[in-house]
Number of protein chains: 2
Amino acid sequence: MDSPLVPFGPPPTERADAARNREVLLCTARAMIAELGADQVTMDALAERAGLGKGTVFRRFGTRAGIFRALLDAEEQRFQCQVLSGPPPLGPGADPVDRLIAYGRARTRFLLERHEIARAAFERKGPVPPAVGPNFSRPHIRMLLGQAALGLPDPDTLSLQLASALEGPPLLFLVADLPPGGESAGCGENDLGALLADGWQTLVERVARR
Amino acid sequence: MDSPLVPFGPPPTERADAARNREVLLCTARAMIAELGADQVTMDALAERAGLGKGTVFRRFGTRAGIFRALLDAEEQRFQCQVLSGPPPLGPGADPVDRLIAYGRARTRFLLERHEIARAAFERKGPVPPAVGPNFSRPHIRMLLGQAALGLPDPDTLSLQLASALEGPPLLFLVADLPPGGESAGCGENDLGALLADGWQTLVERVARR
DNA sequence: CGCCGAAACGGGGTAAAGTCCGTTTACGTC
DNA sequence: GACGTAAACGGACTTTACCCCGTTTCGGCG
C-alpha cells in the first residue's frame, strides 16, 4: 500500500527521463574531462555529445559550475561518510587533535586528486558555492577544535582561517601547473601532497600545543 | 644630455596617447565601480563611457581582470612600501613575530577595504594572477618566519599555508555579503576585520611559541 | 485506452569576453 | 616641414555562458 490517499507535498520523484538524462550528462562530462580537460567542456559541446539540447543541460545543472559541483558531490559524500562515521583516526573515536591531523591529510589528498574539477566548480560570480571550499571543512574543524578544549579565544574565526590554510593551497593558490594525471599515487610524482600534509600537521600541532 | 647616440633597447617610453588613454580608462573604471559596482563594469561599457574602442581597452589591460589588477597595483605598491620600509612594527626593526602579527592585521584591513576589486582581479582560468593572492604575502611571511628562527621543519610550505589562512577569508571564502561601503572605519560596522585580525594573531602566537 | 496537466525538452537569442586586421596617429629623422 | 615606420586605435567578428518560450513527453486518472 504505497499510494496514499493524500499524497503530501510534491512527488519527490524525478521524472524518469530527467534522471536518465542527468546520468547521461554526468557520464559524458566525465568522459570529456578525462579526454580533453575540464576547460574544454563547453555547454554546447557537452549537450551535443550527449545528444541533448543545450537547454536541458542548463535545466539540470543551472550553471556550468553546477556540472562540476554535481560531479564532486558524489565523491564528496563518500569522503564525508568516512569522516563522520569511518574508522579512527579520521572517523570518530580518536583524540580530537589526531583527528584534525588525519582530516587535513585526507582532505589535502582528496582535493589534489580532484583539483581540476574542484576548481571548475567555482562560480565566477556570487559567493563560494556549496559543496566546494571550506563549507564542510570549516564546521568539522570547528567541532574538533571545540572537543580538544584548547584555550582558544575565538574558535569560530580560527576554524575559518584553518580551513582556508588547508584548502586554499590545493584549490586556489597553487594551481598553476599541477600535472593533469589525477589519481596515481605511484612514483612519488607529487610529493606536493606530502609537503602540504606535513605542513598542516605542523600547523595543527603548534596550534594545539598547550 | 639625454639623447644617447646609441639608443639601447626599445624606447622605454610609452607613447603619449597610450599613457593618457590608460589614465582615462583607469579613472573611468574607478568611477563605474563606485557608481555601479565592480561586476557591472563590462568591457564594452567601459570603452564606450571612456570614449574609446574596445580593442584599446584590451590592448592596455589584456583581460578584464587586468583592469582590476592595474587598479590594485597602485595601492598595493603603497602598502608594500609601508611593509618594506615603513616604521615598525609593520616595517623593519621590530621583532619578527611582532612584525608577522602587524602584517596580518594590516593586510586583513587592506583586503577587506578592497575586496570587491581584489576579487574581480582574479582570472577565471590560468593560475592566480600576479599582484593578487599570496604572491606578496607568502614571501614576506616566509622571510619573517626565517628571521624568527623557530624550529619549523618546512617554512616554505608553512608560509604558503599561513598566507592562505590570511588572504583566503577576506578574498574568497567570506565574500558573500560584505557591505559595499568600502573604507569607513567608523561605527564598528565591520568587526569582521577585528575578528580576523585577532584570529591571525592567535594563530601566529601559537605557531611561534617555543 | 485515451486524456490532461505538469514537467522536461530543444534550439534560437542575448550579453559579454576576447581576437583580428585594416586604418590612423605619434614621433624620430632628414 | 614632409616622410616613414612602428605603435596604437577601433569596431566587426567569434566564442561561450546563460535565458526564453513554444513544443514534446511523461505518467497519473477516469
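Excluded from the calculations below are hydrogen atoms, water molecules and symmetry mates; all remaining heavy atoms, backbone and side chain alike, are included. In what follows, every chain begins at residue 1, and chains take the letters A, B, ... in the order their sequences are listed.
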Practice item. Hey, could you give me each pair passing side-chain hydrogen bond (donor to acceptor under 3.5 Å, both in side chains) that has a residue in residues 20-34 of chain A? Not counting sequence neighbours. Key: A/E14-A/R22

Check your understanding: What side-chain hydrogen bond (donor to acceptor under 3.5 Å, both in side chains) pairs are there with at least one residue in residues 160-169 of chain A, not counting sequence neighbours?
Key -> A/R107-A/E167, A/S137-A/E167

Revision key, fill the gap. Across all chains, not counting sequence neighbours, the salt bridge (charged side-chain N to carboxylate O under 4.0 Å, His left out) partners of A/D17 are A/R15

Revision key, fill the gap. Residues passing the salt bridge (charged side-chain N to carboxylate O under 4.0 Å, His left out) test with B/D44, sequence neighbours excluded, are B/K54

Tell me every residue that passes side-chain contact (heavy atoms from CB on, under 4.5 Å) with [X], counting only those two or more places apart in sequence or in another chain.
| X | result |
| --- | --- |
| B/A45 | B/M32, B/T42 |
| B/R105 | B/I101, B/A197, B/D198, B/Q201 |
| A/D154 | A/D156, A/T157, B/L195 |

Check your understanding: C/dT25 C1' sits how many Å from B/E14 CD, rounded?
Key -> 15 Å

Review point. Rounding to a whole Å, what distance do you find between B/I67:CD1 and C/dA16:C1'?
Key: 12 Å

Review point. Listed by chain and number, what are the side chain to side chain donor-acceptor pair (under 3.5 Å) partners of B/T63, not counting sequence neighbours?
Key: B/E123

Review point. Should A/R99 and A/P88 count as side-chain neighbours, where that means a heavy-atom distance under 4.5 Å?
Key: no

Practice item. Give the angle between the helix axes at the two ends of the helix from C/dC1-D/dG30 to C/dC30-D/dG1, taking five base pairs at each end and rounding to 10°. Key: 10°

Check your understanding: Does anything in residues 42-63 of chain B reach DNA chain C, meaning a heavy atom under 4.0 Å, and if so which residues?
Key -> B/T42, B/M43, B/K54, B/F58, B/T63

For residues 78-87 of chain A, which side-chain donor-acceptor pairs fall under 3.5 Å, sequence neighbours excluded?
residue	atom	partner	partner atom	Å
A/Q80	NE2	A/E76	OE2	3.2
A/S85	OG	A/C81	O	3.1

Study note, to complete from the structure: So, with a heavy-atom separation below 4.0 Å from DNA chain D, the residues of residues 15-39 of chain A are A/R15, A/A16, A/D17

